[in-house]
Protein chains: 2
Amino acid sequence: MTLRHKDETSTCRLVGDVLARIGDKWTVFVVRLLADRPMRFNEMKRSIDGISQRMLTLTLRGLERDGLVTRTVFPTVPPRVDYELTDLGQTLIHMLQGLGTWAIEHQPTIFAARAAYDARE
Amino acid sequence: MTLRHKDETSTCRLVGDVLARIGDKWTVFVVRLLADRPMRFNEMKRSIDGISQRMLTLTLRGLERDGLVTRTVFPTVPPRVDYELTDLGQTLIHMLQGLGTWAIEHQPTIFAARAAYDARE
DNA sequence: CAGAATCCCGGAAGATACTG
DNA sequence: CAGTATCTTCCGGGATTCTG
């Protein structure tokens, strides 16, 4: 089916928004981690090498705001907070798997192209 | 199948690399444009609302470096340069269509979640 | 434990001017 | 027409410190 120009660009903007959400530095790692099971804050922090607590917080807040992750507070001492993927968040995993498959499949070609380009000039 | 931790994180890094390439501000628009047919520089610049010639140049250079786009110079006066997707670049389109489908399908849910979250506090 | 608040820096991206 | 060069601005993200 053929789309009108306006629809094409608005779809591009939509895709751009999605990429802005999952395309940042840490979201992929967080989602991949929560794909297995719910997790606590510091547990995730320890699991993701190099992430600061600030960025973990911001990443989780963003995902929570978009309804991709739920945040559950247990009023205990010390406090405990669980993060979990929502149903919507689960659907993200399939997309990321698609990206992973593409990446693994074409990585050698891309690396070769880069090397050739860089060797040029 | 279950992966070892090391493989999981390296796959995450690969996905991160892919997202760094296609997840920037303009790549999606450029690729979508070239999906239809080869195009000239200024033709693309006019078609993508808001892009600067600098960013169009940088975006195209990046895509060319990774072997996703070819650059063909015609030694005429005035000069003419055509940009075209490679076979590898074509495979990107399918992925972007997948992202587009996901985005269109879940956009209402995400917007609702955002509104609810923002209304909260 | 799970964060909030603050400071700071480098790189991404816009605006503008110039060129083969 | 298709860029390059330069300047500047803006923001993502790191390090550190403080708190319920």
Side-chain angles (χ1 to χ4, degrees), chain A residues 12-13 16-31 33-34 37-66 69-84 117 120-121, chain B residues 12-13 15-31 33-34 37-66 69-84 117-118 120-121:
Chain A
C12 277
R13 217 176 293 129
D17 287 346
V18 174
L19 289 172
R21 158 113 311 293
I22 66 172
D24 63 37
K25 193 169 179 180
W26 299 111
T27 293
V28 172
F29 291 90
V30 170
V31 171
L33 218 52
L34 292 178
R37 58 180 177 84
M39 271 196 161
R40 302 176 62 171
F41 187 86
N42 274 345
E43 197 182 1
M44 303 183 68
K45 178 156 165 32
R46 277 189 299 274
S47 299
I48 304 176
D49 192 60
I51 196 170
S52 63
Q53 84 254 86
R54 174 189 143 85
M55 287 319 297
L56 181 53
T57 300
L58 289 180
T59 302
L60 287 168
R61 287 291 175 282
L63 289 170
E64 189 194 355
R65 186 170 108 98
D66 286 355
V69 157
T70 57
R71 178 174 182 268
T72 311
V73 182
F74 299 90
T76 58
V77 179
R80 166 189 180 135
V81 179
D82 273 19
Y83 290 94
E84 187 171 5
Y117 185 93
R120 270 269 188 57
E121 47 203 302
Chain B
C12 278
R13 217 176 292 131
V15 173
D17 287 346
V18 174
L19 289 173
R21 159 112 310 294
I22 67 172
D24 64 38
K25 194 169 179 182
W26 299 110
T27 293
V28 172
F29 291 90
V30 170
V31 172
L33 218 52
L34 293 178
R37 58 179 176 83
M39 270 196 163
R40 303 176 58 172
F41 187 87
N42 274 345
E43 196 180 1
M44 303 182 69
K45 177 158 168 30
R46 277 190 301 272
S47 299
I48 304 175
D49 192 61
I51 197 171
S52 63
Q53 82 256 84
R54 175 189 142 84
M55 288 318 296
L56 181 53
T57 298
L58 289 179
T59 302
L60 287 169
R61 287 291 176 281
L63 290 169
E64 188 194 356
R65 187 170 108 98
D66 286 354
V69 156
T70 57
R71 178 174 181 267
T72 310
V73 182
F74 299 90
T76 58
V77 180
R80 167 191 180 134
V81 179
D82 275 18
Y83 290 93
E84 186 172 5
Y117 184 93
D118 293 346
R120 269 267 187 57
E121 46 205 302

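Order of the sequence lines fixes the chain letters, A, B, ..., with proteins taken first and strands second; residue numbering starts at 1 for each chain.
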Start and end of the DNA chain C segment that chain A contacts, any atom under 4.0 Å from a heavy atom:
dC1(C) to dT6(C)
Looking at every non-hydrogen atom in both residues, tell me the closest pair between P38(A) and D82(A) and how far apart they are.
CB-OD2, 4.5 Å
Axis deviation across the helix from dC1(C)-dG20(D) to dG20(C)-dC1(D), five-pair ends, to the nearest 10°
50°
Sorted by chain and number, sequence neighbours left out, side chain to side chain donor-acceptor pair (under 3.5 Å) with D118(B) holds for R65(A)
Partners passing side chain to side chain donor-acceptor pair (under 3.5 Å) against R40(A) (at least two apart in sequence or in another chain)
none
Evaluate the side chain to side chain contact (heavy atoms under 4.5 Å, CB included) criterion for residues I48(B) and W26(B): first the C-alpha distance (whole Å), next the side-chain angles of each, then the deciding distance (0.1 Å), finally the verdict.
CA-CA 9 Å; I48(B) 304 175; W26(B) 299 110; 3.8 Å; yes
Looking at residues at least two apart in the chain, or sitting in another chain, which of them share a side chain to side chain contact (heavy atoms under 4.5 Å, CB included) with R120(A)?
none
Is there a side-chain contact between E43(A) and L33(A) (heavy atoms, below 4.5 Å)?
no
In chain order, what residues pass the side chain to side chain contact (heavy atoms under 4.5 Å, CB included) check against V73(B), with sequence neighbours excluded?
R71(B), V81(B)
Residues which pass side chain to side chain contact (heavy atoms under 4.5 Å, CB included) with N42(B), listed by chain and number, not counting sequence neighbours
K45(B), R46(B)
So do F41(A) and L60(A) actually touch side chain to side chain, heavy atoms under 4.5 Å?
yes
Contact between V28(B) and R13(A) at the side-chain level, heavy atoms closer than 4.5 Å - yes or no?
no
Report, one pair per line, the protein and nucleotides 11-13 of chain D atoms (nitrogen or oxygen only) whose separation is under 3.5 Å.
residue: dG13(D); atom: OP1; partner: K25(A); partner atom: N; Å: 3.4
residue: dG13(D); atom: N7; partner: R54(A); partner atom: NH2; Å: 2.6

Whole-Å gap separating C1' (dA2(D)) and CG (D82(B))
12 Å
For the pair L34(B) and M44(B), evaluate side chain to side chain contact (heavy atoms under 4.5 Å, CB included) and give the outcome as yes or no after the intermediate values.
CA-CA 9 Å; L34(B) 293 178; M44(B) 303 182 69; 3.9 Å; yes
Just jot down the side chain to side chain donor-acceptor pair (under 3.5 Å) partners of T59(B), sequence neighbours excluded, or say none.
none
I51(A) has an atom CD1; how far is it from atom C1' of dA15(D), in whole Å?
14 Å
Is any side-chain heavy atom of I22(A) closer than 4.5 Å to one of V31(A)?
no
Counting only side-chain nitrogens and oxygens, does Y83(B) get under 4.0 Å of the OP1 or OP2 atom of dG3(D)?
yes
Short of 4.0 Å, heavy atom to strand atom, which residues of residues 71-79 of chain B count as contacting DNA chain D?
R71(B), P78(B), P79(B)
Output all residues satisfying side chain to side chain donor-acceptor pair (under 3.5 Å) with Q53(A), sequence neighbours left out; order by chain, then residue number.
none
By a strict heavy-atom criterion of less than 4.0 Å, which residues belonging to residues 40-47 of chain A are in contact with DNA chain C?
R40(A), F41(A), N42(A)
What is the distance, rounded to the nearest whole Å, between atom CZ of R61(B) and atom C1' of dG3(D)?
8 Å
Full working for side chain to side chain contact (heavy atoms under 4.5 Å, CB included) between R80(B) and T72(B):
CA-CA 8 Å; R80(B) 167 191 180 134; T72(B) 310; over 6 Å; no
